[in-house]
Amino acid sequence: MIETLFAMLLLPVPVYTPPVISVGSGKAERTLVTWLPGEVRCGGAIVVPAFLERPLSSLSWASQSPASAVTYTFDIDPSGRTMGIRKVGKDARATGSDDIAPSLAATRFAGGSGQSSCTIVYVPRQTGLDAAPVADLAAYSVNAIAGPLPKEAWERIYAEGDCRDERALGLQARVFPNFKAIVANPGVREWSMVGYDISEDGATANIQTVEGTKNAALDLASRKAVEETRYYRGGRKGCRYPYWRGPATLPAPPIPDENQFRPAGATCPARHEWAVQPALRFPEPYRRRAIEGWAIVTYDVAPWGEVSNIQTVASQPTEDFGNQAVIVVRGGKAVTTQGFVGCTDRVKFVIGASEEEGQ
């Protein structure tokens, strides 16, 4: 079995400072690409999710051709978890779509007898930064998966105040919530953006939740943290500060015995040595959401150890783990002098520890 273990370490909390706004000119227009989920249909009937996680938005360019809608198929197990997530067709123009399958893996349905052959269509919305909803811009600023949010977007987020650059006030004490006391959501990074003013004496005032994922516990703890935050000077309005709680690990579904997938006529031993160990890399969109997975692959080995004819025969919860497993196995070189046919391996992608850092 090939197993990749990635520990998501408890890192020092970074200090958030909004950029100084200075809108340039003569640059190509940036856009925000947001994927909007449609109805879920299972066997022709509409099924309403108990919790539907939206894909993270991405940045693009106005000159880039708009992406087309994409369709995914999946099953729902008796616990309400999505399984067997597969993309229908391969659209090379699906800009910023690498979080669709992970977000669907984090989606939940009501428990019951389960469903099969479910479908959902995601439609892209590409909007200029001058017209994108401020809530979507704020969400991207917390989950900047395609580079920093451009300055013109920050200008819109701070449009109602004069607190674009609070660093001039001098931060006396930034207080943070006790994130470990807030229950983490598997596969979902919760966040809360707090709006506030800064009084002349440096104390915060008029504190409110302005955007976020509507986690009541995180919203309350975030407002309390801002209430206790202090500056050396004040006299600013319309300040913003986001706090976030990392996702809890979403464990992989049970993995079957790979021997049941062993090809007929296989000559490969149950276990063989590697002269060059496969490079174990976790697929980034799933590491970001702390979603574990696995794949079972079959392959042949040449007499000089080169791996070929790699096939994914099973993967969960999405096909992406199978695609990544092929890349992992392809990078290895086996110890052999006569070669093998029909090798079978399980590749497990395991998160070492839940991501606990927050801002």
Side-chain angles (χ1 to χ4, degrees), residues 5-16 37 48-57 76-83 85 99 101-112 135 138-145 174-196 207-229 240-254 282 284-293 316-318 349-359:
L5 179 65
F6 289 82
M8 305 178 86
L9 301 177
L10 179 60
L11 302 176
V13 177
V15 175
Y16 167 84
V48 179
F51 167 72
L52 177 60
E53 172 68 352
R54 274 182 55 177
L56 299 176
S57 298
I76 304 172
D77 75 3
S79 72
R81 179 173 182 175
T82 53
M83 306 275 285
I85 299 170
D99 190 56
S103 69
L104 186 53
T107 293
R108 288 292 177 274
F109 292 81
Y140 182 84
S141 74
V142 179
N143 299 283
I145 64 174
R174 171 74 69 190
V175 178
F176 294 89
N178 178 8
F179 293 105
K180 291 186 178 181
I182 301 170
V183 177
N185 191 352
V188 179
R189 191 187 199 198
E190 305 270 24
W191 62 279
S192 177
M193 181 171 281
V194 182
Y196 59 101
I207 301 165
Q208 58 181 320
T209 301
V210 293
E211 303 291 352
T213 52
K214 303 187 185 304
N215 181 315
L218 180 59
D219 287 344
L220 178 61
S222 298
R223 292 194 299 270
K224 181 64 175 176
V226 169
E227 182 181 351
E228 297 174 359
T229 293
R240 300 286 186 268
Y241 195 87
Y243 295 93
W244 51 266
R245 175 67 165 93
T249 298
L250 181 58
F282 208 103
E284 175 58 23
Y286 295 89
R287 186 211 63 79
R288 192 162 53 217
R289 288 185 175 274
I291 297 175
E292 298 181 339
Q316 288 290 0
T318 81
F349 299 89
V350 180
I351 299 293
S354 295
E355 187 180 47
E356 298 289 356
E357 67 264 38
Q359 182 173 324

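- Distance check: Asp219 CG to Gln208 CD gives 11.5 Å after rounding to the nearest 0.5 Å.
- Atom-to-atom distance recorded for Asn185:CG and Arg108:CZ is 8.5 Å, nearest 0.5 angstrom.
- Atom CD1 of Ile85 and atom CG of Leu104 lie 4.0 Å apart (nearest 0.5 Å).
- Counting heavy atoms from C-beta on, the side chains of Tyr241 and Thr229 never come closer than 4.5 Å.
- The two residues Gly187 and Ile291 come nearest to each other via the heavy atoms CA-CG1, 4.1 Å.
- Looking at Trp244 and Asn143, their side chains never come closer than 4.5 Å, going by heavy atoms from C-beta outward.
- A pairwise comparison of heavy atoms in Ile182 and Leu218 identifies CD1-CD1, 3.7 Å as the closest pair.
- Between Phe349 and Phe282, the ring-plane angle classifies as perpendicular under the 30° and 60° cut-offs.
- Listed for the Arg189 side chain is no donor-acceptor partner under 3.5 Å among the backbone atoms of Arg289.
- Thr82 approaches Pro317 most closely through the heavy-atom pair O-CB, 4.2 Å.
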Q.
Pair Glu292, Thr249 - check side-chain contact (heavy atoms from CB on, under 4.5 Å), show working.
A. CA-CA 7 Å; Glu292 298 181 339; Thr249 298; 3.5 Å; yes
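- For the residue pair Pro253 and Arg81, the shortest heavy atom distance occurs at CD-NH2, 3.7 Å.
- Contact check for Pro242 versus Glu211: no side-chain heavy atoms found under the 4.5 Å cut-off.
- The structure places CG of Leu56 at 6.0 Å from CZ of Arg288, a figure rounded to the nearest 0.5 Å.
- Here OG1 of Thr213 is found 4.0 Å from CD of Glu190. Values are rounded to the nearest 0.5 Å.
- Side-chain contact check for Arg54 versus Ser103: every heavy-atom pair is 4.5 Å or farther apart.
- Checking side-chain atoms of Thr107 against main-chain N and O of Glu53 turns up a donor-acceptor pair under 3.5 Å.
- A heavy-atom distance below 4.5 Å is not found between the side chains of Ser222 and Thr209.
- Scanning both residues, Val188 and Ala106, for their nearest heavy atoms gives CG2-CB, 4.1 Å.
- For the atom pair CE of Met193 and OG of Ser141, the computed distance is 4.0 Å after rounding to the nearest 0.5 Å.
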Q: Begin from the C-alpha positions of Ile207 and Val194 and carry the test side-chain contact (heavy atoms from CB on, under 4.5 Å) through to its verdict.
A: CA-CA 7 Å; Ile207 301 165; Val194 182; 3.6 Å; yes
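- Taking the charged nitrogens against the carboxylate oxygens, Glu227 and Arg223 have no contact shorter than 4.0 Å, which rules out a salt bridge.
- Taking 4.5 Å as the limit, every side-chain heavy atom of Phe109 sits out of range of all side-chain heavy atoms of Phe51.
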Q: Under the side-chain contact (heavy atoms from CB on, under 4.5 Å) rule, what do Trp191 and Tyr243 come out as? Steps first, then yes or no, please.
A: CA-CA 6 Å; Trp191 62 279; Tyr243 295 93; over 6 Å; no
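- In this structure, Leu250 and Tyr286 have side chains that are not in contact, with every pair of non-hydrogen atoms separated by 4.5 Å or more.
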